[in-house]
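The structure appears right after this line, and notes come after that.
Values below: all heavy atoms of this structure, side chains included; hydrogens, waters and symmetry mates excluded. Keep in mind it's a predicted model, so treat the numbers as computed, not measured. All chains are named by letter (A, B, ...) in the order of the sequence lines, taking the proteins before the strands, and each is independently numbered beginning at 1.
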Amino acid sequence: MIILYSFLSVTLLGLIFGVGLSMASKALAVRKDEKVEAVESKLPGINCGACGYAGCSGYAEAIAKEEEEDLTLCSPGGPDVALELAEIMGVEVEISNQRMVAQVFCRGNDERSKTEFVYQGVTDCNAAYLYFGGNKSCKYGCLGLDSCIKVCPVDAIIHDEDGCVWVDKELCISCGKCIDICPTGVMKLIPHEADYIVACNSKDKGAVTRKYCSVGCIGCKMCEKASPEGGYKVDNFLATIDYSMDGEREAASVKCPPKCILSLKGVTVKDEKN
Amino acid sequence: MSEKQNMLITASPQIHGPETTAKIMWLVTLSLVPAGIWGIFVFGARSILVIGVSILASVISEYVIARISKKSTILDGSAFLTGLLIGYNMPAAVPLFIPAVASVFAIVVVKWSFGGLGGNWMNPALAGRVFVFFSWTGGMTTWTMPGTVHNVADTVSHASPLGFIKAGLLDFSGALHGPVEFLSNQGYPHSGMAESIAEWFGNIGITISYTYIDGFLGNIPGCIGEVSALLLLLGGIFLLIRKIITWHIPVAYFGSFALLVWIFGGLRYNTGFFTGDPLFHILTGGMMLGVLFMATDMVTSPITGKGMIIFGVGAGLLTFMIRFYGSFPEGVSLAIILMNIFVPMINRYTQPVRFGTRGSKK
Amino acid sequence: MSKLKTFGLGGVHPHDRKSRTNGKPIEDAGIPAVAVIPMSQHLGSPADCTVEVGAKVEEGMPIGKSSGFISANIHSPVTGTVKEIGRVFLPNGTSSQAISIEVEESFSPKSSWKADKNWEELSKEELIDLVADMGIVGLGGATFPLNVKLKVPTGSTVEYLIINGVECEPYLTADHRGMLELTDKIFKGIEILYKIMEPEKVFIGIENNKPDAIKVMSQKASAMSFPTEVVPLKLRYPQGDEKQLIQAVTGREIPSGALPLAIGCIVSNVGTVYSLYEAVVLGKPLIERILTVSGGAIKEPKNLRVRIGTPISELIEKCGGFSEVPEKVVVGGPMMGFAIFDLDTPVTKGTSGILALTLKEVNSSVRTSCLNCGKCIQACPMGLNPTTLFKYIDHQDYDGAKDIGLLDCKECGSCGYTCPAHIPLIHGMKLGKLILRKNQQKQNKVKA
Amino acid sequence: MKQATIVGGKLALICALAAVSLGVANEITAPVIAELKAKQLKEALQMVVPSGEAGEETFVEDHPAVTAYYPITEGNSTTGYVIKLVGKGYAGDLVLLASFSLEGEILGSVLLDNEETPGLGKEAENPEYMKRFYIGTGGTSPVPAKKSELSQANADAVSGATITFIGIGQALSAGSEYTKKLGGAQ
Amino acid sequence: MIKDITRGFFKENPVFVVLLGLCPALGVSTKVVNSIGMGAGVIFVLLGSNIMVSMLKNFIPEKVRIPAYIVIIASFVTIVQMVMQAFMPDLYKSLGVFVPLIVVNCIILGRAEAFANKNNLFRSILDALGMGIGFTFALFLISLVREILGAGTITLFPMGSWDGIIVIPILSNAPVRVMALAAGALLVLGYLKALWNVFEARKKEPVS
Amino acid sequence: MTYIAILITFVFISNFVLTQFLGICPFIGVSKNVDSAVGMGFAVTFVMALASIATWAIQHLVLIPLKIEFLQTITFILVIAALVQLVEMVIQKISPPLYKALGIYLPLITTNCAVMGIALIAVRSDFSALESFVAGIAAGFGFLLAIILMSTIREKLDAEWIPKHLRGVPIAFITGGLMALAFMAFDKALINNLFPGL
Ligand SMILES: Cc1cc2nc3c(=O)[nH]c(=O)nc-3n(C[C@H](O)[C@H](O)[C@H](O)COP(=O)(O)O)c2cc1C
Ligand SMILES: Cc1cc2nc3c(=O)[nH]c(=O)nc-3n(C[C@H](O)[C@H](O)[C@H](O)COP(=O)(O)O)c2cc1C
Ligand SMILES: Cc1cc2nc3c(=O)[nH]c(=O)nc-3n(C[C@H](O)[C@H](O)[C@H](O)COP(=O)(O)O)c2cc1C
Ligand SMILES: Cc1cc2nc3c(=O)[nH]c(=O)nc-3n(C[C@H](O)[C@H](O)[C@H](O)CO)c2cc1C
Ligand code: SF4
Ligand code: SF4
Ligand code: SF4
Ligand code: SF4
Ligand code: FES
């Protein structure tokens, strides 16, 4: 008897709900935008804002509604995501396959570079920069107060063992936030494959630079001579590397008097002392 | 050039007012000292041990955690103060592991889990106290009769006035004129001090019952630092004058509580509305200590005057509810930490009115 | 005595420490060997330099030309040759183009100036043009070009002209001395302003820690031909700020984000009025200003009349040098002024004081976390919640800070002054505004 | 519509399957559960009825504390009652089973369902704990319902769980009164 | 394959990582034996429902997917309920309302939805086992800490003459009672989760 | 008076989240900011009120008369699931703004212990239909109160420097723990003393 009752009651309930719900869902149907969802599912979902929208969903909506035509704005996702988006949207995208990463072009820590005054205040590079461009004598270098570290969505930036601020290029997703926030302009993008960088940003004359920093580029052009194929170029008393040249760069790094050309194979620099 | 190296650059203002965190904390500590000395005087030397253990445990926890998180916060005095308050909130006969656990809980769980001084949203000392109270109710409710009261047989394990009344009222029926009469009917002990003072008042034609005098002076069983309403009041007034606390919370708290007791307090004695005895309830239990020193903890109370008033009224209401209807004789500590929960919400709705947004008159 | 007027919200009472200099008459600071004249001494865009290296300039000769709607002319304060055109750091921490002038040894300042025309014959417009020519900017702190302020847009009316003699910053006594010693000239300046603005009434707000100035000014005011009243005010910082001053004097509140004109008021500092007098009556451009050199580390604190471009170190020399190593050297008042590290920084139009503060005066202490004590809220004259603002900014939520009124903060310093935790609140506000500005610029760029 | 029927039908099918299997499971377990319950009740009754037999259950509808009673019969005469009581505890209701002599004296009692705190009120589940309050208290009333009626040692034993104690005490006195009223009526 | 079973343990531990099924994790974790019992119940229901869903995945119409799963789950829960009531009455009593609440335990529906209806029978079984064991493991950890602190005991199954309770000498006299109550449960879970985060971070650190 | 007692009981004394451990998942998951906490709170309250009355009907009109109480779990959950889905669809149709506010939380509610919990507890407490309904609303309010308080605290904590590994979920649990500690102030005695007649 009880089995019969349970059979009847539950089956009836199931029937009512099954039929009811499927009818109701038809009667009350509201169309969902599947495209937005499809696009959003392809985005990495870090909500870093590199695309310029308020989070991934914002970008997804703009793409799906065809308000945004540029499908390559998501730098964390890189070319793969752009291609997937293109597929969903049925368009072609042109992408450069080079992965870029941010890096700090300065190796001046407390020991190596001089300061002009004692700074006391908010621990933030922009706050420090408000007053006389920061307390370092060098107005181009890294202030080391972690603005970029705080802003990086993937914690790619750290203080390395020298106390210098440094980007772990494997973690960097090239969102550019650190470059935006850095007041001194000492962060720049380099190719992920870059083997050497000139880790200095000082545009002061060599003699001036030498006075305040022991690892600052003095613009002596030694690198240009030592590695002529390496793409080294000195401008404004500062050497830079043109990464489209793929010649040898090591000789310059060895010859450079202040040793500011670093190999990126080992992650950090050797101190000039040892 | 070397002169330049030493120059200090800071943002404005270039001068600073006299207050510092450490000064505030040590001044609060100072203002608590008299009440503590009284507690030690009436409850005996063991009180020193209890207070010492709480302070030590809290300062050591603070030191260890601050070391781990590479900060130095011992000298700001807040851990010392928390420890002191925990000590003050313990019965003199409490097993010593209890204050130690309370202090560690206060500092580690309630304070540093939230980032240390200023990050916590619940009063550490009270949370610590409540934690051990709920864990070891027995140890936390074993009271010592003050040494100033001589006519009792058992000085340890005597009910506090509030506890006595609560237990008595659980199965009470009939009519009585309030707690004072209840205590004297049941022969609750009083001090010689109260006798002589009451006599003195009697000579000038004022009758005053022993209970009020003992409650005011601190000749009642209770936690070490909470019994002397007089000395706590003086400490509180000192803090008010030094502008370390503001009037809002004490006035709102005492006011709302007294009002509720006056209106509804008599119902428990079957004497009807408007017959409660607020004075008795303010003078006994942890009211003075709680209202003046713990509800006013700036970290865990609302930030604007308006908010503080809401906070005080809420705490007054809850204290009333718990004291009169809950199962614990004492409601202050619970009421305060309950209101601590509401502080972020209160702050949200009591922001200051911005200049130039009030629809200025032209 | 009836109850003194004052403003509504907030405010603090720092020790005013004015007694060191408020009895000392204004002295002349003398001529520097080299004058360094920055091109950015005012609010708005920097002036365009109009001389070249090697050029010879004369006292009062224009060397910088106003470069936009909000900008001001700059004149040479000395006679000499342009040695170098480079960049210097201004006291406020920014850098600016600057002209170094090697002063001719034979140079001695002109003793008498005379305007080309009698000012009473000039029309309003001509007067405003003259003000612009002479490079007059507000000397109360904001260095807002006066001519811009005087051009009342059509549709707005000026009911009250309020002269700001409050000088609420501790230590500073330049305005105070000015009101005592230059009373007639200040009133002449007020008369000129009155002519330009035609307000219904002129108020002169003075705090009651300057009873002598209140007395002298009141006497003079009652003798004026137009309705003028000296309003004594209760001592309270930041009463000198125009928002608070207007509220104290008239009871009106400037709506958030609006200008004083929105409620029919115009505020001008006494020093500004004095330079207006000099410019209009004497034809003398703004090449000098009065300032106070004070602080516990200064041997003989003084009120000085200083040529723009004089290095600060020379002024300190003039006051006997340091009596001890100062903890900080501050340009401006202690509440809003800037600490500097290079004593060769030149005096600009906006420099109202130079303070060498001792450790005791600075009273800095270890920073702790915020106690939530609310003292900053009680102190804020703008009704803001500085601690929450700071926390938002500390957590990089700049837009959140903006929503709760970051842009209303005028960096008066009251909150930071009282904060027992010694949190650099105002530094945070400045940072927040900087980032908001940057973000705005970025957005504008994206849109463009 | 047709689709809806199919969908509903499929769901109903699953439901039916579920219901039937549950029904079967119930058939198997229900007797076990019932038996278990009866056994538990019997055990509890045995605990409070030292001698004699507990009879049929009678439900009581309109009493604040008493929910049911069972007469105790020894031979042919009713010697007392087992009363099922509900008291107010610290954290919820206390379900008690207590036996009383016809004079209202407690013979035995046991705490069944309760939500008291382990270590405090839950101690009362231990029959020895309960005994303290009615064996040899020698007070004026057969059941102590006030702490003041306890000896010092017993008072200390309930300390920390006074509310549970009073809840039990009050329920027991209600039971005692009720028994007296029932008297030897049956 | 192995991943199907270990995933539920660490990478997607239902309690510590996915943060589902929290109520039973807190509600029944006053005694170790309770959490093991609860875990067993959940494993059974998970297994049963994963098997059924995986088998019926083509039969169940999309529209009533959720109700259908729920019915399946509820049936297994009811069976657990009956069996416990009949054969483990003490356990059933101490688990209280949380036994029927297994039905709303999000893990189970979540697994049905996310795994079983997309994968074959064998993998669904492995997944159910992994998730169930992960859940049990989490409950075990929580209850271990809570029981030791809150009662000073560790209650396991009675075996022979042993009543299954390990008594921790000093603690059991004056246990930290709050740990056995609601507040303690949340605190313990909070710190365990923090500890979990620490290990997680350790693992992630570059090996270089 | 009994209805007030039920209200006080389920809001404070037997607060679902803080003392009964029901609905913890959304309590932790959806309390990051105040707006969504309020949305979730109201959605849950709404569904709980409906569910408690619907399940009362099932229990008393179907299960008890037919003596098939063992089907409680399955029928209750069916009813609740269907109810939630129906409510979702109806709201979506008739009030898109309300749907926007509540909609995203509705699917989460099916698997929220609190809803099933109130149904079971109401049945176990032998509540009448109206009492069940009041209990549903009250328990919902209790959940609402807890989640709102939690979210205001968490918003405050966003502006503090919480130790790294405690940030986010762990600190939410600890906060909940401290809240529960304070809520122990409310106990059954409060009700007994306030409404002695019950
Ligand atoms: C963009 C801008 C436009 C202004 N326009 C006027 C104006 O038309 N009239 C006026 O009286 N002041 C004007 N001011 C000046 C302000 O009212 C105020 O005097 C100045 O910002 C300095 O005031 P403070 O030192 O109190 O900050 C303007 C300021 C700014 C920034
Ligand atoms: C915090 C603060 C304090 C100020 N204090 C004074 C003051 O004491 N005296 C003064 O003349 N101006 C003071 N000012 C500047 C005034 O707001 C206003 O800019 C000035 O009176 C306008 O006159 P001006 O343009 O002639 O300088 C202060 C501004 C701020 C923001
Ligand atoms: C966590 C906790 C659990 C409690 N459990 C009970 C209980 O089960 N039974 C009870 O009567 N009182 C319980 N209480 C209430 C208190 O112990 C109450 O203060 C006591 O019953 C009255 O005090 P006294 O017995 O020491 O006079 C509990 C209190 C706490 C804090
Ligand atoms: C007026 C005042 C009252 C205080 N009360 C307490 C208190 O009740 N409990 C406590 O732990 N700390 C108290 N403190 C100290 C301090 O605020 C406390 O350690 C912080 O809550 C920890 O972040 C108090 C401080 C002041 C200034
Ligand atoms: S790189 Fe730039 S932002 Fe980063 S710490 Fe250095 S100065 Fe600051
Ligand atoms: S290092 Fe800079 S560019 Fe790279 S992820 Fe971090 S913030 Fe973005
Ligand atoms: S500096 Fe800004 S926030 Fe601080 S008191 Fe002044 S106006 Fe207010
Ligand atoms: S004054 Fe300082 S410590 Fe007090 S609330 Fe403001 S910021 Fe915090
Ligand atoms: S387990 Fe209870 S809400 Fe998730």
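Chain F forms the most heavy-atom pairs under 4.5 Å with one residue out of E/L186, E/L19, E/I70, E/V99, and that residue is E/L186. Comparing F/I121, F/I24, F/V115 by heavy-atom pairs within less than 4.5 Å of chain E, the highest count is held by F/I24. Among the candidates F/A172, F/C25, F/A180, F/A82, the residue making the largest number of heavy-atom pairs closer than 4.5 Å to chain E is F/C25. Most heavy-atom pairs under 4.5 Å with chain E, from the set F/C113, F/G29, F/A81: that is F/C113. By number of non-hydrogen pairs under 4.5 angstrom with chain F, the leading residue of E/L187, E/L20, E/L26 is E/L26.
Proximity to chain F involves both the backbone and the side chain of E/V71, based on heavy atoms less than 4.5 angstrom apart. If you measure heavy-atom distances from E/V97 to chain F, the contacts under 4.5 Å come from both the backbone and the side chain. With a 4.5 angstrom heavy-atom cutoff, F/I174 touches chain E via backbone and side-chain atoms both.
F/F186 and F/F183 have their aromatic ring centers within a separation under 6.0 angstrom.
Inter-residue side-chain proximity for F/V38 and F/I148 is flagged as met; some heavy-atom pair is nearer than 4.5 Å. When side chains are defined from C-beta on, F/F141 does not count as touching F/F10, because their heavy atoms never get closer than 4.5 Å. Looking only at side-chain heavy atoms (C-beta outward), F/P170 and F/L166 come within less than 4.5 Å of each other.
The distance from atom CD1 of E/I108 to atom CE of E/M131, rounded to the nearest 0.5 Å, is 12.0 Å. Summarising the geometry, atom CD1 belonging to F/I153 is positioned 11.0 Å from atom CD1 belonging to F/I171; distances are rounded to the nearest 0.5 Å. Distance check, rounded to the nearest 0.5 Å: CE of F/M116 to CG of F/L120 gives 4.5 Å. Here E/I165 contributes atom CD1 and E/T155 contributes atom OG1; the two are 5.0 Å apart, rounded to the nearest 0.5 Å. Expressed to the nearest 0.5 Å, how far CZ of F/F76 lies from CD1 of F/I80 amounts to 8.0 Å.
Not one N or O on the side chain of E/N119 forms a donor-acceptor pair closer than 3.5 Å with the backbone of E/S124.
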Under 3.5 Å, which donor-acceptor pairs link chain E and chain F? Put them in a table for me, please.
unit_1 : atom_1 : unit_2 : atom_2 : d
E/Q81  : OE1    : F/T73  : OG1    : 3.0
E/N197 : ND2    : F/H165 : O      : 3.2

